[in-house]
Amino acid sequence: MRKASGMRLTNRLVAFVTLIVICAIFVIFIGGAVSFRKLGQDYLTHYLEGVVGVIDQELADPQGSQAISRWLPKLLKASNVVELEVGSEAGVVYAFQGLQPLTDPNILHQSRYELEHNPGFTVTMKSIPPYTEFTYSLGAMSSISLAVAIIIMGLVWGMDWLRRQLYGSELLEHRGRLILAGRVDENAVGDEQEWPATASLALDKMIAELKDARQERSRFDTFIRTHTFLDQLTGAANRVLFDSRLQSMLQDQETHGAVILIRITDWEELLADKGKAEADELIQDVGGILSNLIQRYPDTVLSRYFDAEFAILLPQQSAKEVKQFSNTLMNALDRLSPPAPLEPDNWCHIGVTFCASGERRGRIMDEADMALRSAQLQGSNSWYAFKKDQQFEDARGSVRWRTLLDAVFSNGGPALYQQSVQLVDGSPLHRELLSRIRDENGMLIKASRFLTAVEQVGFSARMDKIVVTKALHMLKSEPVTESISVNLSVEALLEKSFVKWLRDELLQTPRTVLNRLSFEIAEGGLVKHLDAMRPVTRMLVGLGCSLVVDQAGRTIVSTHYIKDIRADYIKLHRSLVREINLRQENQLFVRSMLGACADSDVKVIAVGVENANEWQVLKQLGINGGQGRYFSPENSAENDADNNNNPRKLFGKNTG
């Protein structure tokens, strides 16, 4: 993959031109110096040849040779000749030794000449090279100095002009760097000064088309999910999604709940008499009442099971709570005035059955249908519960929950368990901390059973503070290779006091610790309160923590939040992963989610992987990682924290 250059275009051109000019000045300077020296040498050689010619002529004249000692020293001194020797085979005829002080005798220029008019005679001279005693003179070198100054001034002006001309290209390059850094939306439209203008306009057009394609893809993904799992008239879940959630709940351990069927009697007569428009209006009214009533029960699934039949899945609710809800539901529907030919006092009936882990989905739906038929036999608007031995009568009111939770918090908070998350290549990602509490009898209660009560009694922030404090303590005491993920409730993040406390705690924590900490937020609450969650998520990411969107796919929502909050990981709800090798509709949903994350750095993690068949299909779909009992069981995190010096401890598990 190509990487962007770290040097700007303008700096490259400026450096290139500057280097060229400096090299040109250097070459001219070296060439001038060599030429200057060569001219001096030629001048000296020519001058000395003239002196030798005079000596040759004077030696040929008998009178001149007698007076050579009188006039020759003056000529040699004027010619900067230090030593001269005239000799032949017979010996030295004349020798001259100058008295000039020399700093370095090695610089003397030595030459030897044969005399033409006096064969057999030679002249050997040592002279001072030209310009040896010269120093720099501003007057003498003023022209060269002025030329160099003009070149430097021209270079500075030229560089400034070049920078001004290429300012637009710098803007375009800077914009490109921001886009590569992921800030596409902030730089969708370029500055008018960007150059080349055609490249800037082309980039604007491509970004606009990319944004439109992303929006269209998001709309298409939402369209696929809604048409696969939602009823188009009421917006509730359809039969496919309801059966999937019910099957997933029945396969989980230590889970229970109730299935409620609501049927509109004589629907076909209403459809034939009043038409589809008025019949659909009644369906919408009933769906609106049901949707409002289930808001106080988290993880509840409302489905339009058939044309005139609704189904409600109430997980982790006691028999007493289910019966109270059924009475409330019946009273709310009783106040609705159905159109003729429906009878106002005998138009809707409700069947209730209870379910627990290990039961078959088909048997549960048969029991709910039998209870519904029993309600119809009563001849009035009513509900009926299927008689079963196990109805979970251990109802716990808000007062008992508050008392239990107060005792848990006073004893150090919930017990922490952990489960590892690994990527497709087998490398560990992090360990998710899971909260557990014990009741009065010492029985361990999973988070899915007590988190609803925590929210109802207003202890969400209190619970999250304890868990976050424990997680930070564990990270500080564990090796730097360990990473931890902590769940945060949306209810706690909506409290300003909790957000302020969380910010202060994270600011007091070293950056190396924060880089190993992840926070998980449920998708449903995140999207519902997106405007309030946006600054909180930015704060967490800005401090160096990773952001994980949990329970993705539990509710059908648009995926535009992925680009908005810039999450690092998305964890799919376990109901989508359960038996995905047998459910084509779940595979379609996972493909849609992966497609929504394709043009981002978000990694999709599958939660609840139980066997190799599920994992194989998930890898074929392109999932990035997995979590579940197939990889590692849940184990106590606090025991591992106490024994973190064990050399055989590996990613939360003892490999010994």
Test log, rule salt bridge (Lys or Arg N to Asp or Glu O under 4.0 Å), inputs K500 and D504: CA-CA 6 Å; K500 183 178 180 181; D504 295 341; 5.7 Å; no
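- Contacts classified as ring pair (Phe, Tyr, Trp, His ring centres under 6.0 Å) and involving residues 80-119 (residues at least two apart or in different chains) are not found.
- Residue N187 holds its CG atom at 13.5 Å from CZ of R177, rounded to the nearest 0.5 Å.
- The salt bridge (Lys or Arg N to Asp or Glu O under 4.0 Å) test applied to D531 returns R534, not counting sequence neighbours.
- Residues W615 and F631 place their aromatic rings such that the two centres sit under 6.0 Å apart.
- For the residue pair E520 / S485, a side-chain donor-acceptor distance below 3.5 Å is found, with atom types taken as modelled.
- Checking side-chain atoms of R112 against main-chain N and O of T124 turns up no donor-acceptor pair under 3.5 Å.
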With a cut-off of 3.5 Å and sequence neighbours excluded, list every side-chain donor-acceptor pair involving residues 543-551.
from : atom 1 : to   : atom 2 : distance (Å)
Q551 : OE1    : R554 : NE     : 3.1

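- Under the ring-ring contact (aromatic ring centres under 6.0 Å, His included) criterion, F589 pairs with F229, sequence neighbours left out.
- Residues satisfying the salt bridge (Lys or Arg N to Asp or Glu O under 4.0 Å) criterion with K74, sequence neighbours excluded, are absent altogether.
- The only option from K470, E432, R431 that meets the side-chain contact (heavy atoms from CB on, under 4.5 Å) definition with I484 turns out to be R431.
- Residues satisfying the salt bridge (Lys or Arg N to Asp or Glu O under 4.0 Å) test with K465, not counting sequence neighbours, are none.
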